[in-house]
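Sequence positions, counted from 1, serve as the residue numbers for this chain. When reading the values below, keep in mind they use all heavy atoms of this one structure, side chains included, and skip hydrogens, waters and symmetry mates.
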Amino acid sequence: MSTNSEKDCTTGFCAQGPSPFANQPPMGLNLLAKDGPEDILPDWPQVAPELPADAYAIADALWWSRKLGERSARAEDMAFMLQDADAARAVQRALARTWRWWPEGSVPRYWKSGAPQRSAPLVHAPLPEPGVHVGVDVAPAPGTVFSLRGVEGEIALRLGQDVSAADAAALTPDTAAALVDACAVAIEWVDSRWREGLQAPALTLLADGQCHGGLALGPWQDFAPLRQHDWMRQTCTLQINEGPAQAFTGTHSLQDPTWLLAGWLQHVTQHYGTVPAGTVVTTGTWTGCPAVQAGDRVQLQFEGLGTVAWQF
């Protein structure tokens, strides 16, 4: 495969052809291949025809990280290869196909969505199903940790009906909550496959699933009593081991976790079509993102909504 490329020094983007070192393994790892890197790396034009050629090296780096179970590339050195969010999402889909994160041809069943405030653009990312623990009291320790064990206390929402593109287009933040049939207390484990961890450039983080490591969902609760819930008065606590429980009240960045539903559903229907009942979105942290260590136990409780824990 050719590695010739011209770089527009003004914009930082490749002007034509695949990016330098596309489809090459990390330095020193060529010996893992029998006859060449193609024996190991996915053939992106075949596996993911929609993946821009300039993004092959990004997909390669993230694929290698998961293959080896360790960080293998600096995102800052490669960020210019991603021209926009669509290219980053194309990397997501290419990796999902190779690692079979959800059934081929289906809408991903688990998502994350959020923003630091209502005036900021929402960011959405599908989540690999093998890393989701549903209805657990205590989630098991992750098999592979790349950068960190960041933990976020969240509320996950589950759709009670199918939502078409036309349905989604008509939604507003005030009406979308009617589509939810259940919620669950959730811990998202935050991790990164890049050497810079969470300090990697924004588009490279998006390509890497928006810093996702895994998700633990507690038992589902009926959402009907919460349709008029005052989320600004909602309290939760996060406890690490036997330390003091940290308390939080009304600390969701959007003031209401259902506020993002309309934007999230419009995004998903645009890219995947009708969203089926049972699809789940976790909605952003109430508790910041403290880092924990191997062996730590994290327990999250939302008053009146339930508890979930993760044994790291």
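- One N or O on the side chain of Ser65 and one on the backbone of Ala61 form a donor-acceptor pair closer than 3.5 Å.
- Using a distance-only test at 3.5 Å, with no hydrogens or angles considered, a donor-acceptor pair links the side chain of Gln234 to the main chain of Glu303.
- Checked by atom type and distance alone, the side chain of Glu196 pairs as donor or acceptor with a backbone atom of Glu76 at under 3.5 Å.
- Judged purely by atom type and a 3.5 angstrom limit, Asp208 has no side-chain atom pairing as donor or acceptor with the backbone of Cys211.
- Side-chain contact between Leu157 and Leu261 is present, with at least one heavy-atom pair separated by less than 4.5 Å.
- At least one side-chain heavy atom of Leu198 sits less than 4.5 Å from a side-chain heavy atom of Val190.
- Distance OG/Ser106 to CD/Glu129: 7.0 Å, rounded to 0.5 Å.
- Interatomic distance, CZ of Arg195 versus CD of Glu70, reported as 8.5 Å (0.5 Å rounding).
- The shortest non-hydrogen separation linking Met78 to Ala57 is CE-O, 3.1 Å.
- Contact check on Glu50 versus Arg97 returns a salt bridge, with a Lys/Arg side-chain nitrogen under 4.0 Å from an Asp/Glu carboxylate oxygen.
- Residues Thr144 and Trp189 approach most closely at O-CH2, 3.1 Å, considering heavy atoms.
- In this structure a side-chain-to-backbone donor-acceptor pair under 3.5 Å is missing from Gln92 to Ala125.
- Residues Asp162 and Asp167 share a closest heavy-atom pair of O-OD2, 4.1 Å.
- Ring geometry for His267 versus His271: interplanar angle of 30 to 60°, hence tilted.
- The distance from atom CD of Glu154 to atom SG of Cys236, rounded to the nearest 0.5 Å, is 10.5 Å.
- Without hydrogens or angle criteria, Arg118 side chain to Leu254 main chain gives a donor-acceptor distance under 3.5 Å.
- Between Leu51 atom CG and Gln46 atom CD the span is 13.0 Å, to the nearest 0.5 Å.
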_Worked verdict on Leu62 versus Val91 for side chain to side chain contact (heavy atoms under 4.5 Å, CB included)_ = CA-CA 9 Å; Leu62 293 171; Val91 173; 4.0 Å; yes
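- Of the possible donor and acceptor atoms, none in the side chain of Gln161 sits under 3.5 Å from a partner among the backbone N and O of Ala277.
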_Test log, rule side chain to side chain contact (heavy atoms under 4.5 Å, CB included), inputs Val308 and Leu217_ = CA-CA 7 Å; Val308 69; Leu217 299 172; over 6 Å; no
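- Between Leu179 and Leu265, some side-chain heavy-atom pair lies under the 4.5 Å cut-off.
- Here the side chains of Pro257 and Trp286 are in contact, with some heavy-atom distance below 4.5 Å.
- Nearest heavy-atom pair, Ser164 versus Thr274, reported as atom, atom and distance to 0.1 Å: CA-OG1, 3.7 Å.
- With contacts defined as side-chain heavy-atom distances shorter than 4.5 Å, the pair Val123/Ser113 does not qualify.
- Residues Trp231 and Gln255 fail the side-chain proximity criterion, which asks for heavy atoms closer than 4.5 Å.
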_CA sep, side-chain torsions, deciding dist, call: Thr307, Leu300, side chain to side chain contact (heavy atoms under 4.5 Å, CB included)_ = CA-CA 6 Å; Thr307 301; Leu300 173 69; over 6 Å; no
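- Taking the centre of each ring, Trp259 and His252 stay at or above the 6.0 Å mark.
- Under the rule for a side chain to side chain donor-acceptor pair (under 3.5 Å), Thr204 has no partner lying at least two apart in sequence or in another chain.
- For an aromatic pair to be called close, the ring centres must be under 6.0 Å apart, and Trp194 with Phe146 fails this.
- Between the CD atom of Gln83 and the CG atom of Asp54 there is a distance of 5.5 Å, given to the nearest 0.5 Å.
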*Check the pair Asp181 / Trp220 against side chain to side chain donor-acceptor pair (under 3.5 Å), numbers first and verdict last.*
CA-CA 9 Å; Asp181 76 336; Trp220 290 109; over 6 Å; no
_Would Arg149 and Asp296 count as a salt bridge (Lys or Arg N to Asp or Glu O under 4.0 Å) here? Give the steps._
CA-CA 10 Å; Arg149 300 170 180 85; Asp296 285 349; over 6 Å; no
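- With a 4.5 Å cut-off on side-chain heavy atoms, Tyr110 and Pro126 do not count as touching.
- Under the 4.5 Å side-chain heavy-atom criterion for Ile, Leu, Val, Met, Phe, Trp and Tyr, Leu171 and Trp111 are members of the same hydrophobic cluster.
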*Let me see the working for Phe312 and Val151 under side chain to side chain contact (heavy atoms under 4.5 Å, CB included), right down to the final yes or no.*
CA-CA 10 Å; Phe312 284 91; Val151 292; 3.5 Å; yes
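- A single hydrophobic cluster is seen to contain both Met81 and Leu205, as judged by linkage of ILVMFWY side chains at heavy-atom distances under 4.5 Å, directly or through other members.
- Donor-acceptor pairing under 3.5 Å is recorded for the side chains of Thr258 and Asp256.
- The nearest pair of heavy atoms linking Ile58 to Ala207 is CG2-CB, 4.1 Å.
- For the pair Asp191 (side chain) and Ser147 (backbone), a donor-acceptor distance under 3.5 Å is present.
- A donor-acceptor pair is defined here as one N or O able to donate and one able to accept, closer than 3.5 Å; no such pair exists between the side chain of Ser253 and the backbone of Gln117.
- For an aromatic pair to be called close, the ring centres must be under 6.0 Å apart, and Trp63 with Tyr56 fails this.
- Within the 4.5 Å cutoff, side-chain heavy atoms of Trp64 are placed close to those of Ile40.
- The nearest pair of heavy atoms linking Asp84 to Ala87 is OD1-N, 2.9 Å.
- Here Thr237 contributes atom OG1 and Gln301 contributes atom CD; the two are 5.0 Å apart, rounded to the nearest 0.5 Å.
- Under the 3.5 Å distance criterion, the side-chain polar atoms of Lys112 are left unmatched by any main-chain donor or acceptor of Val281.
- No continuous path of ILVMFWY side-chain contacts below 4.5 Å connects Val268 to Leu127, so the two sit in separate hydrophobic clusters.
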